[in-house]
Amino acid sequence: MSLLEIIYEDESLIAINKPHGLLVHRSKIAGDATEFALQLLRDQIGMQVFPTHRLDRKTSGVLLFAKNEKANKHLQGMFMNNEIKKTYVALCRGFLPEKGVIDYPLLNNSNKLKDAITEYAVIRNFEIPIPSGKFTTSRYSLVEVRPQTGRMHQIRKHFAHIFHPIIGDRPHGCNKQNKLFLEQWGIKTMFLHAGKLEFTHPDTNVLIVIQANRSNEFDEVITLLDELNLNQPAHK
């Protein structure tokens with residue numbers, strides 16, 4: 001793999017734009033993986049780093065590391081207490097309401113229900129002339145997502161729960177849409193991107209905003225849907 005894209009760095013913290021498909025660290029449930037963000041970043045900058053939070057293997061975007069145990073402990077506590085503002089972008093099946101809140105408890109690793117809340121706002125809609133099931137067209141929404149809690153696979157499970165699953169998600173997504181993207185365009189990426197983190201720096205108490213650009217593939221899909229969109233405004 002080429003060098004990781006470093007999008008923020010200071011004496012205590014470093015953040016990368018994690019590519020889709022890269023694990024944060026070694027995991028028994030992904031024995032096929034041979035590269036991991038933790039080891040790649042450590043080797044790239046020549047020092048030990050600590051992951052302060054997690055992103056799914058299939059999710060791209062801002063991944064924050066600490067350079068020392070003190071900063072790591074502080075930031076992990078901030079993530080646990082929802083003191084860090086997280087903003088994602090997702091491409092979902094269907095047209096969603098303009099804004100919404102998904103309040104739906106999820107099971108944790110101990111099979112206990114925990115509160116889980118996700119806010120979202122639609123950025124734009126697409127309708128393309130490709131049949132989907134009983135419909136003559138396919139509809140999609142590009143959505144800004146702000147999880148208010150941090151449950152495992154929360155965003156993916158929440159959008160599946162309201163019947164607007166994220167394109168490319170497996171196993172929570174829509175098999176028909178995933179198959180369409182694969183057969184039509186050769187795409188099997190999950191379109192969920194961690195675009196921004198906002199928090200108070202543990203050392204300086206200054207507000208830090210870290211942003212990560214969407215991948216080329218994500219942008220190419222948006223361009224593709226835009227070109228096929230049936231709801232374009234009429235040109236004068």
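Side chains included, hydrogens not; waters and symmetry mates left out as well; all remaining heavy atoms used.
In the hydrophobic clustering, F50 connects to no other residue, as no ILVMFWY side-chain heavy atoms lie under 4.5 Å from its own.
Residues N213 and N17 share a closest heavy-atom pair of O-ND2, 3.0 Å. H158 and I117 get closest at one heavy-atom pair: CE1-N, 3.8 Å. Summarising the geometry of P97 relative to V122, their closest heavy-atom pair is O-CG2, 3.2 Å, with the distance given to 0.1 Å. Of all the heavy atoms in C92 and L96, the pair that sits closest is CB-CD1, 3.9 Å. Pairing each heavy atom of G168 with each of N178, the nearest pair is N-OD1, 2.8 Å. Looking at every heavy atom in both residues, A37 comes nearest to L4 through O-CD1, 3.9 Å.
In terms of modelled atom types and a separation under 3.5 Å, the side chain of K18 and the main chain of D56 share a donor-acceptor contact. Remark: the backbone N or O of T137 is not paired with any side-chain donor or acceptor of E127 at under 3.5 angstrom. A donor-acceptor pair under 3.5 Å is formed between the side chain of N81 and the backbone N or O of G77. A donor-acceptor contact shorter than 3.5 Å is absent between the side chain of H172 and the backbone of R156. Judged by distance alone, the side chain of H193 and the main-chain N or O of S215 form no donor-acceptor pair under 3.5 Å. Using a distance-only test at 3.5 Å, with no hydrogens or angles considered, a donor-acceptor pair links the side chain of H20 to the main chain of K58. Under a 3.5 Å cut-off, the side chain of T189 and the backbone N or O of F191 do not form any donor-acceptor pair. Side-chain atoms of R214 do not come within 3.5 Å of backbone N or O of A194 as any donor-acceptor pair. Not one N or O on the side chain of T59 forms a donor-acceptor pair closer than 3.5 Å with the backbone of L55. A donor-acceptor distance shorter than 3.5 angstrom exists from the side chain of R57 to the backbone of G21, with no hydrogens or angles considered.
Counting only heavy atoms from C-beta outward, the side chains of K86 and P147 approach each other to under 4.5 Å. Looking only at side-chain heavy atoms (C-beta outward), H201 and D10 come within less than 4.5 Å of each other. Considering only heavy atoms from C-beta on, E144 comes within 4.5 Å of T87 through its side chain. Between L180 and I130, the closest side-chain pair of non-hydrogen atoms falls below 4.5 Å. Within the 4.5 Å cutoff, the side chain of L192 has heavy atoms near those of the I155 side chain. The closest side-chain heavy-atom distance from M78 to M80 is not below 4.5 Å. In this structure, the side chains of K114 and L106 stay at 4.5 Å or more apart for every pair of heavy atoms. A 4.5 Å side-chain heavy-atom check between I84 and E198 finds every atom pair outside the cut-off.
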Mind running ring pair (Phe, Tyr, Trp, His ring centres under 6.0 Å) on F126 and Y140 for me, showing each step along the way?
CA-CA 5 Å; F126 305 92; Y140 306 97; 7.7 Å; no
Going through the distances and angles, do Q148 and T118 end up as a side-chain hydrogen bond (donor to acceptor under 3.5 Å, both in side chains)?
CA-CA 6 Å; Q148 303 304 304; T118 302; over 6 Å; no
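In this structure, Y8 is not a member of the same hydrophobic cluster as L41, with clusters built from ILVMFWY side-chain heavy atoms closer than 4.5 Å. Criterion: ILVMFWY side-chain heavy atoms under 4.5 Å apart, direct or through other members. Under it, L38 and L197 are not part of a common hydrophobic cluster. No single ILVMFWY cluster, assembled from side-chain heavy atoms under 4.5 Å apart, contains both V89 and V209. In the hydrophobic cluster analysis, where Ile, Leu, Val, Met, Phe, Trp and Tyr join through side-chain heavy atoms closer than 4.5 angstrom, F159 is grouped apart from V101. Follow the hydrophobic side-chain contacts under 4.5 Å out from V221 and you reach I123 in the same cluster.
Salt-bridge check for R151 with D115: failed, with every basic side-chain N at 4.0 Å or more from each acidic carboxylate O. Of the charged side-chain nitrogens involved, none lies within less than 4.0 Å of a carboxylate oxygen, so that E119 and R146 do not count as a salt-bridged pair.
Judged purely by distance below 3.5 Å, without hydrogens or angles, the side chains of E220 and N216 never pair a donor atom with an acceptor atom. S132 and Q177 share a side-chain donor-acceptor pair at under 3.5 Å. Side chains of H74 and D203: a donor-acceptor N/O pair is absent below 3.5 angstrom, by distance only. For the 3.5 Å distance criterion, the side chains of N125 and S141 qualify, holding a donor opposite an acceptor. Of the N and O atoms on the side chains of T52 and Q76, not one donor lies less than 3.5 Å from an acceptor on the other residue.
With sequence neighbours excluded, no residue forms a side-chain contact (heavy atoms from CB on, under 4.5 Å) with F135. Scanning for side-chain contact (heavy atoms from CB on, under 4.5 Å) contacts around K67 gives E9, I14, M47, with sequence neighbours left out. In this structure, the side-chain contact (heavy atoms from CB on, under 4.5 Å) partners of N82, at least two apart in sequence or on a different chain, are T149. A search for side-chain contact (heavy atoms from CB on, under 4.5 Å) contacts involving N68 returns S12, K70, A71, not counting sequence neighbours.
Interatomic distance, K176 NZ to S138 OG, rounded to the nearest 0.5 Å: 11.0 Å.
Residue pairs meeting the ring-ring contact (aromatic ring centres under 6.0 Å, His included) criterion with at least one member in residues 78-103, sequence neighbours excluded: H53-F79.
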